[in-house]
Amino acid sequence: MAETGVEKSGNSPNALLSGLNPVQREAVQSCRGPLLILAGAGSGKTRVIVHRIAYMIDAEGIAPASILAVTFTNKAAGEMRERVHRLVGPRAGQIWINTFHSTCSRILRTHISRLGYTDRFVIYDDKDQLSLLKEIFQRLNLSELALKPEVVRAVVNDAKNKGIDDHEFATRAATFQEQKIAEIYRSYQQQLQEYDALDFGDLHLLTVKLFGQFPEVLAEYQQRFQYVLVDEYQDTNEVQYRLLRLLTEPHGNVCVVGDDDQSIYSWRGARLKNILDFEADYAGARVIRLEENYRSTQNILAAANGVISRNRQRKGKDLWTRNQAGELVSVYIADDEYEEARFILDKIREHARDLADYAIFYRTNAQSRILEEALSRQGVPYVIVGGFRFYDRAEIKDLLAYLRVINNPRDSISLLRIINVPTRGVGKKTLEMLKDLAAEKACSLGQAVELWLDEGSGTGKARQALADFVRQIHRWRQLQGQVSVGDLLQEIIAATDYHNWLQRGSNRHLYDSKKENIAELFNSIISWERNEEQPSLAGYLESVALISEVDREVPEQSRVTLMTLHGAKGLEFPVVFMAGMEEGLFPNRKCYNRDAEMEEERRLCYVGMTRAQEKLYMIASRSRQFQGVRNENKPSRFLLDIPRELIDAQASEASGYRPAYRTRKPEQYSSPGREGPAASAPSRRSKSPQPSSTTEFAIGSKVQHPVFGPGVVAAAEGSGKDAKLVIIFRDRGRKKIALQYASLTRG
DNA sequence: GAAAAATACATTTTT
DNA sequence: TGTATTTTTC
């Protein structure tokens, strides 16, 4: 699908349209007015977007600088930028192709002084946000309140996503709790401004505010961006919606691309309504549906369609493909999470493909542990995508906090982090005193430190330490701009003896990994500086603040990929395993009472299934340990929504005969020569009754299947391992079942 | 200030 | 059950 590489300064319209299907062409050629491109999974969405931009420039003569393209992830923006560049050459540099957040950040950097911040503002991530809220809780003595900083953060973020600022929130607050939160929201916001800091929500909210309060600024951008394109429109929240409306109001040249069936971030503020109501919102809007799928087999697609068709809140789409029918979707009922992992491992071995062809998806991060253990025990290389973020690691945050304090003296949250790291004798008491002073003088912590040093006399240990510390910071601020960011950091690490401190504080193994992380941080700094025209500390901090885990490059290696279903969006793999397809886990029991959330779970399932190109496995465990307790779970309702003729269902041999969980792990899916007591110790399984031949299930006898339910044996063939039964199921019709795998019980 | 013990808490996390 | 955070102890 990749465009061929030569740099061009002009493409003929025909060249830009070749290789596209008729609907894709239509989308590419519709350059003006409101347009919704409903892009089904695997329908060549990015290709259409990229060609559309090139078409606008080369065929319609639209100036690159008048185009704004917005995405949600840096990765998507980067890919788009690169592919557009390949098509139109250096002119691509004039197009704004960015994430929502960095677009806003870029606008705010030039105008934010009007709102009472400086152009050096820091961006606080959610950890910083929480630290600040905790500080406020402490200061306002809110600990006795039945309210947690985490809850307040969620409420505040939610409000900001909806465009509600602290003042408006206060007017709306009805209950005592809401009023209390309003109070906290207010002082949180004041504190942010005091610290010259913006949280993620502020980036949007303040941009909208800026546009609202200063029409001339809005006009400037309306003028500039005559053509606006939004990717993943189904994930936009209310402020983003408002932002787009403001920007496109005069011309209505807004093209949004998305798939309502892949909206899985409502809990982060995404409003499905935005995409569902697009035509009503923008008069004269056109809708183009990209329904031809180039990714999956017919069977996979039909199975996914079966699941998603149960949703009511959707525009409705019929994905189809010219690809072959392919294999059936394999559903496997495992005994427990260990056997689930073993099944996956065995299938991976069985296929014997490049490991990079496999992905394992799960609903919750907690599920990854068992899978990881199984993979590494068998020596199968794997990567976990997402999960613990690199930039969340303590050592990385420490060092970045140093850089942030140097860059912005008012950033008190960062100062708080490093004021005693490495330990320099600034204890709890000193800190309390300084915080009080800052509160009293309504200044930042850094200013409070300087004030205290200036006024007082005497020679306490803390005083001396802080004086040294402040001197160091001043020196580094001078150094800033004269040396590279990397060199500056090098200097900080040396001067603070940071490594030594790390070594004392952690064991050998931990220290090694921390050292590695720091080395990786240096690598990333160096490669960033190399790619930047004018590398500056502020610029580096900006890019780091808006980066995510998925943006980090994973070395190209042959590994199995593990990730949550949320992480899987936008990706594709030849062979996909979806683990933990169980009621309570997926769909998660927390969604049982809310229809909208249940539909989102279903979309998540759809997203997972449509990642698979050739083969899809869906696995449910009858028993799983969850938060310390072992539960028996039913297979997920989503499995039952797949048309039965598309499924090849199997279950672990013995499972139907064991009433409850058994500590001894079943062997039928263990690999040959596997180590451990399970392999050598005599199995308890031998004591339990086993269906060893077809004779146990006479023709005409009633049986019970874990997935297909009750049925009657119609015919039998083969014997021993190859024994198969033809069963007429009450609800599911006629099926041939391999006795070896199906855990049939007499019914 | 660091280690040990107790306690809380567990869905997903594009920026 | 695993872990992250807070409190207690030395």
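Since the model is a prediction, treat every value here as computed from it, not as a measurement. Every chain is numbered from 1, with letters handed out A, B, ... down the list of sequences.
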Show the numbers, then the answer: is there a side chain to side chain contact (heavy atoms under 4.5 Å, CB included) between A:Q191 and A:R139?
-> CA-CA 12 Å; A:Q191 214 56 243; A:R139 195 155 42 77; 2.7 Å; yes
Just the rounded figure in Å: distance from [atom2] of [N] to [atom1] of [X].
X      : N      : atom1 : atom2 : result
A:R271 : B:dT14 : CZ    : P     : 22 Å
A:E600 : B:dT13 : CD    : P     : 13 Å
A:N157 : B:dT14 : CG    : C1'   : 14 Å
A:F72  : B:dT14 : CZ    : P     : 13 Å
A:N588 : B:dA10 : CG    : C1'   : 11 Å
A:N237 : B:dT13 : CG    : C1'   : 14 Å
A:Y338 : C:dT1  : OH    : P     : 9 Å
A:Q367 : C:dG2  : CD    : P     : 15 Å

Using a 4.0 Å heavy-atom cut-off across all strands, classify A:G425 as base, sugar-phosphate, or nothing.
->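 The answer is sugar-phosphate, as A:G425 gets under 4.0 Å only of primed atoms, P, OP1 or OP2.
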Could you check which nucleotide pairs with C:dT5 in any of the strands shown, counting Watson-Crick or G-U wobble with both distances under 3.5 Å?
->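 Pair assignment: C:dT5 / B:dA6.
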According to the Watson-Crick and G-U wobble definitions, with both distances under 3.5 Å, which nucleotide is paired to B:dT12?
-> none
Considering only the P atoms, how many Å lie between B:dT13 and C:dA4, rounded to the nearest integer?
-> 15 Å
Gap in Å between the two C1' atoms, one belonging to B:dT11 and one to C:dT6, rounded |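 Comparing C1' positions in B:dT11 and C:dT6 gives a spacing of 24 Å.
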Think [X] has a side-chain N or O under 4.0 angstrom from the OP1 or OP2 of [N]?
X      : N      : result
A:N365 : B:dT13 : yes
A:R268 : B:dT14 : no
A:T564 : B:dT13 : yes
A:K148 : B:dA8  : no
A:Q627 : B:dT11 : yes

Do A:R417 and A:D128 meet the salt-bridge criterion of a basic N to acidic O distance under 4.0 Å?
->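 A:R417 and A:D128: not salt-bridged.
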Measure the acute angle between the ring planes of A:W267 and A:Y265, then classify it against the limits of 30° and 60° as parallel, tilted or perpendicular.
-> tilted
Parallel under 30°, tilted from 30 to 60°, perpendicular over 60°: which one fits the rings of A:Y540 and A:W528?
->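 Plane angle over 60°, so perpendicular.
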Closest contact, heavy atoms only, A:E372 versus A:L562 = CG-CD2, 4.2 Å
Mapping A:R363 and A:R424 onto DNA chain B by nearest heavy atom, which one lands closer to the 5' end?
-> A:R424
Ring of A:W267 versus six-membered ring of B:dT13: centres under 5.5 Å and planes under 30°?
->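 Aromatic stack with B:dT13 absent for A:W267.
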Nucleotide nearest A:T423 when distance is taken to its side chain, options B:dG1, B:dT14, B:dT12 | B:dG1
Verify, without hydrogens or angle tests, whether A:R424 (side chain) and A:I419 (backbone) share a donor-acceptor contact under 3.5 angstrom.
-> yes
